[in-house]
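Notes follow once the structure below has been shown.
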Amino acid sequence: MAYDHKEIESKWQGAWDKAANFSQDFSDKPKKYILVEFPYPSGAGLHMGHLRSYVAADVISRFLRAGGSNVMFPIGWDAFGLPAENYAIKMGVKPQASIAENIGNFRKQLDALGLSFDWSREVNTTDPDYYKWTQWIFLQFFKAGLAYEATGFINWCPKDKTGLANEEVIDGRCERCGTLVEKKELRQWYLKITAYADKLLDGLKDLDWPDAVKLQQQNWIGKSEGAEIDFKLVFKKNPGDNSWVDKDGNPAHISVFTTRPDTIFGATYLVLAPEHPWVRLATDADHDALLNRKKVLDFIESVRNKPEMERIAQDREKSGVELEGVTAINPATGKEISVWIADYVLANYGTGAVMAVPAHDERDFSFAKKYNLGIIKVIKPDHEIDECYSGEGMLIDSGEFTSISSSTAKSEMAAKFGRVKVFYKLRDWVFSRQRYWGEPIPLIHCKQCGIVPVPDNQLPVKLPDVDKYEPTGTGESPLASIADWVNIKCPKCGGEAKRETNTMPQWAGSSWYWLRYTDPKDAEQFAAKKNQEYWTPVDTYFGGMEHTTLHLLYARFWNRFLFDQGFVSAPEPFLRRIPHGIVLASDGEKMSKSRGNVVNPDDLISKFGADATRMYEMFLGPHELSVSWNERGIVGVKRFLDKIYRFGESGEFGADNAKIHKLVQKITSDIEHIKFNTAVAAFMEFFNDFGTMSRADWEKFLKLLSPFAPYITEELWHMLGHTDSVHTQPWPQYDESLIKDETVEIVISVNGKKRGTIRLPAGLEGNDLKQAVDSSELYAKLGLKDKKKEKIITVPDKLVNFVIKE
RNA sequence: GGCCGAGUGGCGGAAUGGCAGACGCACGCGACUCAAAAUCGCGCGAGGUUUCCUCAUGAGGGUUCGACUCCCUCCUCGGCCACCA
């Protein structure tokens, strides 16, 4: 018979004291801060990815509580942003209303799963009491000069009608809706995350994060050390024209960035990005320095109109055009070389200009071949190579540097021809969105005073409650059309002024939420320092792999900035990060509505129960690897729960059993190492063949199982006559002396091949083990007595291997 | 193209230098039953001369007394990044 999971679950949902999960500020017990990424309350409800993190974090939290820790395991809602707004538009309601409804659904689902959240610390990023502090933190960035306004080409999603951060563009498409992203020139707010590139890199060293996650962040920040080298320009159109001077009065030059200054003797031309500022000047009607201005302008136009997808396509052919009338002097050779613009040089990396060394760079090589440009070899390959060699080696034909190795030449040549320079792939964070559903950026544009921050005592700048909030598509936020909200007196001079109408991106509220949990209701500050000092940094942070270069990087940036400003007590926010693998559908594909292969947790809970859903989810496979959701197997877990329920009902207790001590050790260790799949297997294995079970052993068993299956264990605990909760009981301890076996199976092998096993007393080593084996039947049977043994390997309690010369 | 991860029965997976396939699903046989469901018991990588032996952890090589595990080369799948000079 199957136990009635529905009855048991609804009974305990009503009976459990939620305050038992509340954490205490400043308790003497050791603190543990267990965090899961707070959900985005979309209309779809919880998905299997949430389940994976939330159940794992719940098991850890319950385990640590039982071990005597003061555990904070909070939850909240990350509810601003595009998806919520798009959903509300689709449903024809206000986002405020749809968010409230979705949160209600999520809360039900989380409760149904039996997750032991500390609901007393609930936060919601769209609550003015919360976003007041998001705005306040933005103003700290602004006051520190790290929030700035600039006009530039940004990623623009034509469907969502808003700008996107670099991190939000995947394969040239909008991360949210999949639409091809366009380049649009717009006034935008930026956060200067690049100023923190080095600190964000250094901070990774001390974190207990998976190497894969650290590496991804490292690559995203993308530090390259190299040299910046100036190439002087020579003009053919007006010889002697000295109107081309730089800001220091020197003749005009182009600065290039290279990581291979050792190849400079092979630099046969320069290439600039079409958007390079110098190109703009050189093609300016007043300053025109080119002999082929029209051709160059046409080329720039054609690049600009090229769809982004085509420009980044994999097998794209490089194209460019020579700037006729201008040449550059290679500072190493003193030779004049041609200057080009080409679509393969990026305007926003390095200096936007490169020295081309076709013999030792594949991109330059294919470009040089197409346009018949010179190819000069200056590095001797370490192996035979046909055309282009991009590795390092011995320098050749490089003047005084000939016969020096690349690695030594690099620093010497960087110093001689230019200067050592570091560049990052990381770009500043486009921080404004032209949408309604976000935190208003708390700034005021005054004709007299310029940009003025909203004074602290006027925060929060509340999002006006309006009926029409659809994006305009003009590059302006819908807030711009709300006259009585936009028009305001300047707080500085009292004159006419207008509010900033852009809103913050979805990532703003989640960039500091773990700090708010430590002091969620504080009206005076975002979180009191002493609360932070007690709780932070977060001990273990569960979440998805997909947030590695978005949320996790942004959160580290905000935390580090606030730390430097003295507002935060720990330089790094998350000590240990446990990402979960993605949950695929049973066909191995990603779960998605359009594929129709989405598994809904509600259906599983209703059919098999929350306990079975939780345990099967953990049983599927290692937490960090991606798993295919195959529903067939859940009946195995359900059968196990039915079996233990029947045993509990029968109450057939017997003698104490030492096996329970091994189970305590195994489960404890598996939880500590996040190996839930083998923990579930260990429960099953124990229960398949436990022999006898005393009442005391049964109580230990229930306690061990309680973090995994909170409902059924509570029911069975009460069946024993207890009136308190199994979840408030201390974690069982094991007796070291009872987990050791008295005898062990020793494998006997010859030349590494297993030939049989014998049972011997445990703990025998070296000679003792050898002698015990020598006197065994198996030893005689294998005829080992008469064989000449080269070597005998003994491994205590494991095996004896005889190496015999044939 | 670069970086990271993974490849083990029909399936999910276990074992991370010492008995390969724990645990579970599916499947087969049996018990109980008028019957079915549920439950319980047994079997379940391939092959063979079947108390035992041989082969087998993507392919090939290497290190080792011994390799799923470590090293090298390659193949396949997944993830992230991608003209970053």
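First the proteins, then the strands, lettered A, B, ... as listed; each starts at 1. Atoms considered below: every heavy atom in the structure, side chains included; atoms not considered: hydrogens, waters and symmetry mates.
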Does a side-chain N or O from [X] land closer than 4.0 Å to OP1 or OP2 of [N], or not?
{"X": "A/R639", "N": "B/C23", "value": "no"}
{"X": "A/N219", "N": "B/A82", "value": "no"}
{"X": "A/K318", "N": "B/C83", "value": "no"}
{"X": "A/Y344", "N": "B/A85", "value": "no"}

N-glycosidic conformation, B/G9 - syn within 90 degrees of 0, else anti:
syn
Among [options], the one nearest [X] by side-chain distance:
{"X": "A/N688", "options": "B/U39, B/G24, B/G79", "value": "B/G24"}
{"X": "A/T259", "options": "B/C83, B/A85, B/C81", "value": "B/A85"}
{"X": "A/V803", "options": "B/C23, B/C65, B/A85", "value": "B/C65"}

Determine yes or no for a side-chain-to-main-chain donor-acceptor pair under 3.5 angstrom, with A/H623 supplying the side chain and A/I674 the backbone.
no
Just the rounded figure in Å: distance from [atom2] of [N] to [atom1] of [X].
{"X": "A/K223", "N": "B/C81", "atom1": "NZ", "atom2": "C1'", "result": "20 Å"}
{"X": "A/I792", "N": "B/C65", "atom1": "CD1", "atom2": "C1'", "result": "11 Å"}
{"X": "A/M545", "N": "B/C81", "atom1": "CE", "atom2": "P", "result": "11 Å"}
{"X": "A/H580", "N": "B/G78", "atom1": "NE2", "atom2": "P", "result": "20 Å"}
{"X": "A/K791", "N": "B/U64", "atom1": "NZ", "atom2": "P", "result": "10 Å"}
{"X": "A/E649", "N": "B/A38", "atom1": "CD", "atom2": "P", "result": "19 Å"}

Using atom [atom1] of each nucleotide, how far apart are [N] and [M] to the nearest Å?
{"N": "B/U16", "M": "B/A67", "atom1": "C1'", "result": "11 Å"}
{"N": "B/C74", "M": "B/A26", "atom1": "P", "result": "43 Å"}
{"N": "B/C32", "M": "B/C77", "atom1": "C1'", "result": "47 Å"}
{"N": "B/G60", "M": "B/U49", "atom1": "C1'", "result": "32 Å"}
{"N": "B/C42", "M": "B/U54", "atom1": "C1'", "result": "27 Å"}
{"N": "B/G21", "M": "B/A15", "atom1": "C1'", "result": "9 Å"}
{"N": "B/A37", "M": "B/A31", "atom1": "P", "result": "14 Å"}
{"N": "B/C72", "M": "B/G79", "atom1": "P", "result": "25 Å"}

Toward the 5' end of RNA chain B, which comes first, A/R755 or A/L215, by nearest nucleotide?
A/L215
Could you say whether A/A273 or A/Q216 is positioned toward the 5' end of RNA chain B, judged by the nucleotide with the nearest heavy atom to each?
A/Q216
So, using side-chain hydrogen bond (donor to acceptor under 3.5 Å, both in side chains) as the criterion, who are the partners of A/Y616 when residues are at least two apart?
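Checked A/Y616 against side-chain hydrogen bond (donor to acceptor under 3.5 Å, both in side chains); zero matches.
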Is it true that [X] and [Y] make a salt bridge, defined as a side-chain N closer than 4.0 Å to a carboxylate O?
{"X": "A/E37", "Y": "A/R52", "value": "no"}
{"X": "A/K638", "Y": "A/D611", "value": "no"}
{"X": "A/D797", "Y": "A/K740", "value": "no"}
{"X": "A/R260", "Y": "A/D262", "value": "yes"}

For [N], which nucleotide is its Watson-Crick or G-U wobble mate, given both distances must be under 3.5 Å?
{"N": "B/C3", "answer": "B/G79"}
{"N": "B/A85", "answer": "none"}
{"N": "B/A26", "answer": "none"}

Touch check for [X], heavy atoms < 4.0 angstrom, all strands: base, sugar-phosphate only, or nothing?
{"X": "A/T549", "answer": "nothing"}
{"X": "A/R427", "answer": "base"}
{"X": "A/D211", "answer": "nothing"}

Are side-chain N/O atoms of A/R755 and A/S749 paired as donor and acceptor at under 3.5 Å?
no
Does the side chain of A/D361 come under 3.5 Å of the side chain of A/S390 through a donor N or O and an acceptor N or O?
no
Which residues pass the ring pair (Phe, Tyr, Trp, His ring centres under 6.0 Å) test with A/Y190, sequence neighbours left out?
A/Y148
How would nucleotides 7-21 of chain B be written as a contact map, 5' to 3', with B for base contact, S for sugar-phosphate-only contact and - for no contact, using protein heavy atoms under 4.0 Å?
----SBSSS--BB--
